[in-house]
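Quick notes on the structure that follows.
The basis for the numbers below is simple: all heavy atoms, side chains too, and nothing from hydrogens, waters or symmetry mates.
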Amino acid sequence: MAGLRTALFLALFGGPPAVTADPLPAPEGDVLLTVSGAILQTNHAETAQFDRSMLEALDPVTFETTTIWTEGAQSFTGVPLAALLDAVGATGEAISATAINDYSVEIPASDWEDGGPVVAFLNNGEPMSLRDKGPLWIVWPYDDDEAYQSETIYSRSIWQLDRIEVTE
């Protein structure tokens, strides 16, 4: 849908939509996430890089859910994927989310709904180490919607996330 909106805007007005969000600051700490591809907001070359404090500034949410990879209910805090992609002015139809070990998954724009996945940076109130699926993990509130309890959604729940490419 986002790609269609962009194409319509270009057809009507002849240029890309203006980004109204504040420009992205440069990261001051260790870069945890790099977003590239079909984005309008950048802060390093043609990418948007985020450190922990930048992610924390994007109105994180916290929810509790069970997962198939952990025992018992877990609390996750992170940036809604939709909010992150809005912050970079994503104009694509999907993302390719890639982990530190180069494992990659495709997530369509239809999954970027409100109340959907978050890019979690805290599990049970603590930062996640590499050993514990961190530092970033795309997590859905699996217990909130039966649709989130599917092999498709589980396969998109990538941990050790460090790169996102927005694709047309």
Would you compute the distance between atom [atom1] of [X] and atom [atom2] of [Y] and round it to the nearest 0.5 angstrom?
X: Asp86; Y: Leu40; atom1: CG; atom2: CG; result: 11.0 Å
X: Tyr148; Y: Ser157; atom1: OH; atom2: OG; result: 11.0 Å
X: Met128; Y: Asn123; atom1: CE; atom2: CG; result: 6.0 Å
X: Leu33; Y: Asp162; atom1: CG; atom2: CG; result: 7.5 Å
X: Gln160; Y: Ile100; atom1: CD; atom2: CD1; result: 5.5 Å
X: Asp144; Y: Glu64; atom1: CG; atom2: CD; result: 10.5 Å

With a 4.5 Å cut-off on side-chain heavy atoms, are [Y] and [X] touching?
X: Leu58; Y: Phe50; result: yes
X: Ser155; Y: Val105; result: no
X: Gln74; Y: Val139; result: no
X: Val119; Y: Leu81; result: yes

Go through Leu84 and Trp112 one step at a time and tell me if the side-chain contact (heavy atoms from CB on, under 4.5 Å) criterion holds. CA-CA 10 Å; Leu84 174 69; Trp112 311 342; over 6 Å; no
Using the rule side chain to side chain contact (heavy atoms under 4.5 Å, CB included), only one of Asp145, Thr67, Ile153 pairs with Trp140; which is it? Ile153
Qualifying residues under salt bridge (Lys or Arg N to Asp or Glu O under 4.0 Å), relative to Asp59, sequence neighbours excluded: none
Pairing residues for Asp111 by the salt bridge (Lys or Arg N to Asp or Glu O under 4.0 Å) criterion, not counting sequence neighbours: Arg156
With no hydrogens and no angle check, is any side-chain donor or acceptor of Asp143 less than 3.5 Å from a backbone partner on Thr65? no
Check: Asn124 side chain, Ser75 main-chain N or O, donor-acceptor pair, under 3.5 Å: yes
Thr77 vs Phe121, side-chain contact (heavy atoms from CB on, under 4.5 Å): CA-CA, chis, key distance, verdict: CA-CA 6 Å; Thr77 300; Phe121 48 80; 4.2 Å; yes
If you apply the rule side-chain contact (heavy atoms from CB on, under 4.5 Å), what do you find for Val118 with Phe63, and how did you get there? CA-CA 10 Å; Val118 300; Phe63 59 79; 3.6 Å; yes
Applied to residues 149-168, the ring pair (Phe, Tyr, Trp, His ring centres under 6.0 Å) test, sequence neighbours excluded, yields Trp69-Tyr154, Trp69-Trp159, Trp137-Trp159, Tyr142-Tyr154
Tell me the closest heavy-atom pair linking [X] and [Y], and the distance in Å.
X: Gly92; Y: Val166; answer: N-CG1, 3.5 Å
X: Ser104; Y: Thr98; answer: OG-OG1, 3.4 Å
X: Ala99; Y: Ile158; answer: N-CD1, 3.5 Å
X: Ala48; Y: Leu24; answer: CB-CD1, 3.5 Å
X: Thr91; Y: Glu168; answer: OG1-OE2, 3.4 Å
X: Arg52; Y: Pro135; answer: NH2-CB, 4.4 Å

Are Leu32 and Leu130 connected in the hydrophobic side-chain network, where two residues link if heavy atoms are under 4.5 Å apart? no
Should Leu161 and Val31 be counted in the same cluster of Ile, Leu, Val, Met, Phe, Trp and Tyr side chains packed under 4.5 Å apart? no
Would you say CG of Asn101 has more than 12 non-hydrogen atoms from neighbouring residues, nucleotides or ligands within 6.0 angstrom? yes
If only side-chain N and O atoms count, and only distance matters, is there a donor-acceptor pair under 3.5 Å linking Thr34 with Thr47? no
Verify side-chain contact (heavy atoms from CB on, under 4.5 Å) between Val88 and Ile164, making sure each step is shown before the conclusion. CA-CA 11 Å; Val88 298; Ile164 292 176; over 6 Å; no
